[in-house]
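Report on the following structure.
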There are 2 protein chains.
Amino acid sequence: MEIIRSLENSRIKLFNSLKMKKYRDRHQLFLVQENHLIKEALKSGCLDTLILREDVDNPFDHEAIRVSSEVMRKLSDNESLNDAIAVCRMREGKLTDPHRLIVLEDVQDPGNVGTIIRTARCFGYDGVLLSSHCADLYNAKTISACQGALFELPVIRKDIREILEYLRANGIRCYGTSLKESRFLAQIVPAERFALIFGNEGQGMSEETLKRCDECFKIEMDNFDSLNVAIAMAVASYQMRYER
Amino acid sequence: MEIIRSLENSRIKLFNSLKMKKYRDRHQLFLVQENHLIKEALKSGCLDTLILREDVDNPFDHEAIRVSSEVMRKLSDNESLNDAIAVCRMREGKLTDPHRLIVLEDVQDPGNVGTIIRTARCFGYDGVLLSSHCADLYNAKTISACQGALFELPVIRKDIREILEYLRANGIRCYGTSLKESRFLAQIVPAERFALIFGNEGQGMSEETLKRCDECFKIEMDNFDSLNVAIAMAVASYQMRYER
């Protein structure tokens, strides 16, 4: 069995370049770094190349290329040395007759984007739409915060105006969120098809997008109007979940 | 005006040692690094020493000591250079006739602990009780995630058994959270006085603590039982908020 030991190996250089968005986009590939997430990637069929350290057993039902510890350390994001890293193929998310969607307008923090995708999956939403200026879906922190939901839930990145047009064209009611609204979350009666829209961490939703919503609400708070966006999304998406 | 330029200055060495829990505990002091949080610290009366870079105006209504950019960079947690850092005094949180409390058992991530304190403040809870093995309240990441709620809400750190005894002695009903429960969050009718208890990110609540709860519930989820603890806390604390 061949073991790659050179940091100058062309495949290793390509894999390592995937830490940067530019190269992820160019090659349509991304890295997954935790064993339980690699298992999810494998199940979902998007695994391209499995990389294993030379001295560990292969816990996956998939052939692997072997690398030295030094090479694995170079590819690793973690402080601790990984046993395995998966190179995965990006896939375009597809929505099929969606009833409940989450839309994020320019949410900047990869941890927030990932946590929101994980939460959307938990509460049975059909997909997450990211505006072009949101954090990258394939950033290591986004992937880690997603906890595998990325491999199960359609996530689509588009210009916010295209997203709003898509929602309108498909008869999906848009609920915007804003601290300036007088209507509260608990007063909203969810439409059969709807999208919940959340904005940037600092500025919230843009005025332009707010104006194009069918209805807006604020979350009931107690004299301290400061909820993290992933928390606001969780509270609203639970409150408006589908009761089966 | 004297400007401290030496990294060997004894006060600077003391302040810098506060990046470590051991020295924070010894001196009962901690560092606050963002201007809007320093303002909250000042309002709450726990500011001990305000440190300003030599070349910036003082935006605070408080006297400051001045330091060189080099010294400020050493004290900074951020990649960018701070204008100001506040050294603050720890205060023991005090509960006065609490009706709604959050209890965390061994929550490890400082961001989760901070986000939970921020959310508890938003939803009008009276305080947060941390078990001894929770992440440190005065860690830079906890303070940043709290977004100032730390200065407004009583937060108390105690052994989990002492916490449970306190709750029992004060007639506060304990609601535990567990994925194994068959009862759902939406079925709970909140008692007049209650505490919501959340466990460790990996293991959840300990069996021992679960057994000592008056009632337990799980959050309604859709075939993907994987909610971040701060998200679970937000959903439950909103659902059981005080309707004013």
Side-chain angles (χ1 to χ4, degrees), chain A residues 34 36-37 40 43 99-100 109-126 141 144-153 179 184-187 201-202 218-244, chain B residues 34 36-37 40 43 99-100 109-126 141 144-153 179 184-187 201-202 218-244:
Chain A
E34 293 166 61
H36 73 282
L37 298 183
E40 299 292 329
K43 247 197 290 176
H99 280 60
R100 278 161 174 70
D109 181 79
N112 283 339
V113 171
T115 301
I116 286 170
I117 293 170
R118 177 181 177 185
T119 305
R121 174 69 189 83
C122 280
F123 291 148
Y125 282 66
D126 301 314
K141 285 182 190 156
S144 174
C146 275
Q147 283 297 303
L150 165 66
F151 303 115
E152 300 196 24
L153 195 69
L179 288 176
F184 288 111
L185 168 60
Q187 299 172 315
E201 287 89 346
K218 66 179 277 183
I219 293 172
E220 297 81 347
M221 282 184 264
D222 189 56
N223 290 326
F224 188 82
D225 283 352
S226 167
L227 280 182
N228 166 285
V229 62
I231 296 293
M233 176 273 174
V235 164
S237 62
Y238 173 81
Q239 174 77 16
M240 292 172 73
R241 74 194 179 281
Y242 189 46
E243 307 264 9
R244 285 164 209 269
Chain B
E34 293 165 61
H36 72 283
L37 299 182
E40 298 293 329
K43 249 198 287 178
H99 280 61
R100 278 162 173 73
D109 181 79
N112 283 339
V113 171
T115 301
I116 286 170
I117 293 169
R118 177 180 176 185
T119 305
R121 174 69 189 84
C122 279
F123 291 149
Y125 282 66
D126 300 316
K141 284 181 192 160
S144 174
C146 276
Q147 283 297 304
L150 164 66
F151 303 115
E152 300 195 24
L153 196 68
L179 287 176
F184 288 110
L185 168 60
Q187 299 172 314
E201 286 88 347
K218 66 178 278 186
I219 293 173
E220 296 81 348
M221 281 184 266
D222 188 55
N223 291 324
F224 189 82
D225 282 352
S226 165
L227 278 183
N228 166 284
V229 63
I231 296 293
M233 175 275 174
V235 165
S237 63
Y238 173 80
Q239 175 76 17
M240 292 172 74
R241 75 194 178 281
Y242 188 48
E243 308 263 10
R244 286 163 209 272

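Here is how names work: the chains are called A, B, and so on, in the same order as the sequence lines, proteins then strands, and each is numbered from 1.
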Practice prompt. Quick one: closest heavy-atom pair of A:Cys122 and B:Ser226, and the distance?
Written response: SG-O, 3.1 Å
Worksheet item: Closest heavy-atom contact between A:Ile231 and B:Ala234?
Response: CG2-CB, 3.5 Å
Worksheet item: Do any of residues 111-120 of chain A have a heavy atom less than 4.5 Å from a heavy atom of chain B, and if so, which, in residue order?
Response: A:Thr115, A:Arg118, A:Thr119
Worksheet, complete the sentence: The interface call for A:Ala145 against chain B, heavy-atom contacts under 4.5 Å, is neither
Worksheet entry | Pair B:Phe123-A:Ile219, side chain to side chain contact (heavy atoms under 4.5 Å, CB included): steps then yes or no | CA-CA 10 Å; B:Phe123 291 149; A:Ile219 293 172; 3.8 Å; yes
Item to complete: I would like to know whether A:Val235 and B:Gln239 meet side chain to side chain contact (heavy atoms under 4.5 Å, CB included); could you show each step before the answer?
Response: CA-CA 8 Å; A:Val235 164; B:Gln239 175 76 17; over 6 Å; no
Item to complete: Verify the neighbour count for atom NZ of B:Lys141: are there more than 12 heavy atoms of other residues, nucleotides or ligands below 6.0 Å?
Response: no
Worksheet item: Residues in side chain to side chain donor-acceptor pair (under 3.5 Å) with B:Ser144, at least two apart?
Response: B:Glu34
Discussion item. Report which part of B:Ala232 has an atom under 4.5 Å of a heavy atom belonging to chain A: side chain, backbone, both, or neither.
Written reply: neither
